[in-house]
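A short write-up of the structure that comes next.
Note that the structure is a prediction, hence the values are computed from the model and not measured. In what follows, every chain begins at residue 1, and chains take the letters A, B, ... in the order their sequences are listed.
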Protein chains: 2
Amino acid sequence: MTVDEIIERIEHHYLTLTDESKHELVKVSKMLTLDKETILVKEGQFADKTYFIVQGSARAYYLKDGKDITDWFAFENDFIISINSFFLGKPSAHYIETVEPSTLLEVSTDDIALFSERYREIDKLGKLVITKTMLQLQQRVVSIQFETALQKYENLVRIRPDITQRVPLTHIASYLGMTLETLSRIRKPERRI
Amino acid sequence: MTVDEIIERIEHHYLTLTDESKHELVKVSKMLTLDKETILVKEGQFADKTYFIVQGSARAYYLKDGKDITDWFAFENDFIISINSFFLGKPSAHYIETVEPSTLLEVSTDDIALFSERYREIDKLGKLVITKTMLQLQQRVVSIQFETALQKYENLVRIRPDITQRVPLTHIASYLGMTLETLSRIRKPERRI
DNA sequence: CGCCGAGTTGAACTGAATCAAGAAACGTGG
DNA sequence: CCACGTTTCTTGATTCAGTTCAACTCGGCG
């Protein structure tokens with residue numbers, strides 16, 4: 001898969017870009033093929049890259065009292081960045097790593113900023129990504145707050161049925177805000193197949 | 001306070017607008033003075049207005065099994081909308097009402113959409129508001145997920161010390177995802193003053 | 001002055017956490 | 001291709017934070 005084809009996929013999933021901005025994007029985009037568990041961003045680092053997931057998956061996580069807490073998953077056609085580093089210019093509070101062997105598109109944050117100023121559609125693309133993220137977070141707040149462990153798990157599986165095949169349960173448990181033991185117990189009754 | 005002055009306040013808190021876009025905004029903005037507990041948006045309604053809070057406060061809430069659950073507060077210089085209606089064009093899942101007697105600026109969503117296309121700064125203003133909301137939601141997920149009831153309450157009070165003076169405890173409790181009884185118990189030990 | 005909604009307090013209950021073992025799956029080298 | 005060690009997941013017993021249900025207090029308002 002070429003960078004051009006990937007940009008087309010971004011257009012397909014988000015919005016159409018002008019030829020000029022697309023051309024500029026292609027020039028600064030780098031395709032990466034990585035093993036699983038490859039760290040893209042470390043805590044404390046200024047996250048100066050934005051990643052688009054072509055194939056595979058990644059997660060953002062942080063350490064809370066030594067425990068690894070996942071707080072975002074990204075799959076095919078998702079973007080992933082360290083949001084507080086990107087938007088607040090602060091050192092990243094998160095690590096970001098691939099979960100599966102993955103193909104990613106990497107663009108430097110500086111280029112994104114430059115192109116957002118220069119090309120309105122790139123700015124709109126950013127706005128669209130942020131909007132989707134915001135709506136997803138909103139849903140997540142509701143889900144965390146008033147659903148039982150089982151409901152939260154079922155919700156996640158409904159939205160992303162293949163997640164249990166692709167991501168270790170530990171990460172799913174911490175993402176859902178429960179212990180691995182609880183997740184295991186919840187899953188048991190429905191482990192047909 | 002005039003509409004012009006309010007627009008200046010928006011500029012001060014968000015970003016500078018061009019004279020032209022400001023002028024257009026003033027033309028379509030309406031100032032409202034409302035009693036407390038005035039409903040601005042009803043569930044099921046297409047939320048076709050955006051509100052900026054000049055003075056006072058408002059909240060977005062929904063009914064879950066008949067119970068009133070607050071999921072957003074807005075105070076001076078905040079915007080408040082029904083996000084799923086605004087961004088997904090769906091009927092609102094939320095009610096929005098004033099909490100205190102309030103002064104609001106009202107702009108129709110159609111005008112916002114029009115101006116966002118026409119004036120780049122308006123689009124950027126929207127992006128900025130969404131970005132801030134996203135970051136706040138992100139923080140909230142972390143807070144809900146791994147903090148005790150006491151820590152969540154203390155966090156909220158740290159960010160917004162006057163909230164307990166301005167908003168009934170029932171709303172604060174549901175916003176924090178706990179019962180009123182729990183909130184009451186938590187507050188007791190520190191109810192000095 | 002008495003009522004009513006908001007907040008408080010108490011006692012029993014419960015969903016999930018914690019701590020502690022085990023079982024299964026996985027991959028690495030012989 | 002199998003044995004061994006490591007990591008991932010499961011299961012069990014106990015504990016605990018927060019819920020639920022119920023009664024009570026307080027302050028404001030008609």
For the pair made of [atom1] in [X] and [atom2] in [N], what is the distance, rounded to whole Å?
X        : N      : atom1 : atom2 : value
B:Leu180 : D:dG18 : CG    : C1'   : 13 Å
B:Ile186 : D:dC16 : CD1   : C1'   : 14 Å
A:Leu169 : D:dT8  : CG    : P     : 11 Å
A:Gln151 : C:dG15 : CD    : C1'   : 12 Å
B:Gln165 : D:dG27 : CD    : P     : 15 Å
B:Gln145 : D:dG18 : CD    : C1'   : 17 Å
A:Glu147 : D:dT19 : CD    : P     : 16 Å
B:Ile144 : C:dA16 : CD1   : P     : 16 Å

(Q) To the nearest 10°, give me the bend of the helix from C:dC1-D:dG30 to C:dG30-D:dC1, comparing the axes of its five terminal pairs at either end. (A)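 Axis angle across the helix from C:dC1-D:dG30 to C:dG30-D:dC1, nearest 10°: 30°.
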Q.
Does A:Glu24 have more than 12 heavy atoms from other residues, nucleotides or ligands lying within 6.0 Å of its CD?
A.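 Yes, CD of A:Glu24 has more than 12 neighbouring heavy atoms, counting only those of other groups under 6.0 Å.
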**Q.** Minimum-distance nucleotide (side-chain atoms of A:Arg187 versus C:dA16, D:dT10, C:dT8)
**A.**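 Nearest to the side-chain atoms of A:Arg187, counting from C-beta on, is D:dT10.
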Q.
Using the side-chain heavy atoms of A:Lys36, tell me which of these nucleotides is nearest: D:dT10, C:dG27, D:dG18.
A.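 Between D:dT10, C:dG27, D:dG18, the one nearest the side chain of A:Lys36 would be C:dG27.
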Q | Which residues share a ring-ring contact (aromatic ring centres under 6.0 Å, His included) with B:Phe73, sequence neighbours left out | A |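 Partners of B:Phe73 under the ring-ring contact (aromatic ring centres under 6.0 Å, His included) test: B:Tyr175.
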Q. Partners of A:Phe75 by ring-ring contact (aromatic ring centres under 6.0 Å, His included), sequence neighbours excluded?
A.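 Checked A:Phe75 against ring-ring contact (aromatic ring centres under 6.0 Å, His included); zero matches.
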Q. So which residues get pulled into A:Tyr62's cluster when ILVMFWY side chains under 4.5 Å apart are joined, directly or through others?
A.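 So far as hydrophobic clustering goes, A:Tyr62 is joined with A:Ile69, B:Val142, B:Phe146.
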Q: Report yes if the side chains of B:Leu40 and B:Lys49 come closer than 4.5 Å at any heavy-atom pair, otherwise no.
A: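 No; the side chains remain at least 4.5 Å from each other.
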(Q) Ring centroids only, cut at 6.0 angstrom: are A:Phe79 and A:Phe86 within range, meaning strictly under it? (A)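 No: the rings miss the under 6.0 Å criterion.
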(Q) Please give me the minimum heavy-atom distance between A:Glu121 and A:Thr16, naming the atom from each residue. (A)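 It is CB-O, 4.2 Å.
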(Q) Test: salt bridge (charged side-chain N to carboxylate O under 4.0 Å, His left out). Region: residues 51-77 of chain B. Which pairs qualify, not counting sequence neighbours? (A)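 The answer is B:Arg59-B:Asp68, B:Arg59-B:Glu97, B:Glu76-B:Arg166.
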Write out a two-atom table: protein N or O, nucleotide N or O from nucleotides 17-21 of chain C, distance below 3.5 Å.
{"unit_1": "C:dA17", "atom_1": "OP2", "unit_2": "A:Thr179", "atom_2": "N", "d": "3.3"}
{"unit_1": "C:dA17", "atom_1": "OP2", "unit_2": "A:Thr179", "atom_2": "OG1", "d": "3.1"}
{"unit_1": "C:dA17", "atom_1": "OP2", "unit_2": "A:Thr182", "atom_2": "OG1", "d": "2.3"}
{"unit_1": "C:dT18", "atom_1": "O4", "unit_2": "A:Arg185", "atom_2": "NH2", "d": "2.8"}
{"unit_1": "C:dC19", "atom_1": "N4", "unit_2": "A:Glu181", "atom_2": "OE2", "d": "3.1"}

(Q) C:dT9, OP1 or OP2 - any side-chain N/O from B:Ser184 closer than 4.0 Å? (A)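 No, no such contact exists.
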Q) Do the charged groups of A:Lys152 and A:Glu147 touch, with an N to O distance under 4.0 Å? A)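 Salt bridge: no.
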